[in-house]
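All values below come from the heavy atoms of this structure, side chains included, with hydrogens, waters and symmetry mates left out. Remember, it's a predicted structure, so these values are computed and weren't measured experimentally. The first residue in the sequence is number 1, and the count goes up from there.
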Amino acid sequence: MRALTRCPVKPAAPLTELARIESDPAYRALFFAGLDAAVADRFATRSAVVDEIEAAADRLRSLIRNPDADERAA
């Protein structure tokens with residue numbers, strides 16, 4: 001009958017890490033510092049992309065308003 005009984009299942013790795021984050025203050029501080037850095041990096045990347053899109057939109061608007069301006073500038 002032993003073959004039919006379930007063996008205890010180890011918690012999945014994400015749950016193990018979550019338990020460590022909750023129980024170890026030093027690890028929690030390190031984890032949150034890394035998380036804050038990742039969020040700041042993502043925000044900086046997003047801001048750079050938005051700036052590039054706005055600059056491209058401005059160039060397109062100027063071409064639509066004055067199509068010959070690009071040819072004269074070149």
Hydrophobic cluster mates of Val50, side-chain heavy atoms under 4.5 angstrom, ILVMFWY only, any path? none
Treating Ile, Leu, Val, Met, Phe, Trp and Tyr as nodes and any side-chain heavy-atom pair under 4.5 angstrom as an edge, say whether Leu35 and Ile21 lie in one connected cluster.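 Yes, Leu35 connects to Ile21 through the hydrophobic network.
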Pairs involving residues 43-58, ordered by first then second residue, that meet side chain to side chain donor-acceptor pair (under 3.5 Å) (sequence neighbours left out): Asp58-Arg61
Applying side chain to side chain donor-acceptor pair (under 3.5 Å), which residue pairs with at least one partner in residues 18-42 are found, sequence neighbours left out? Glu17-Tyr27
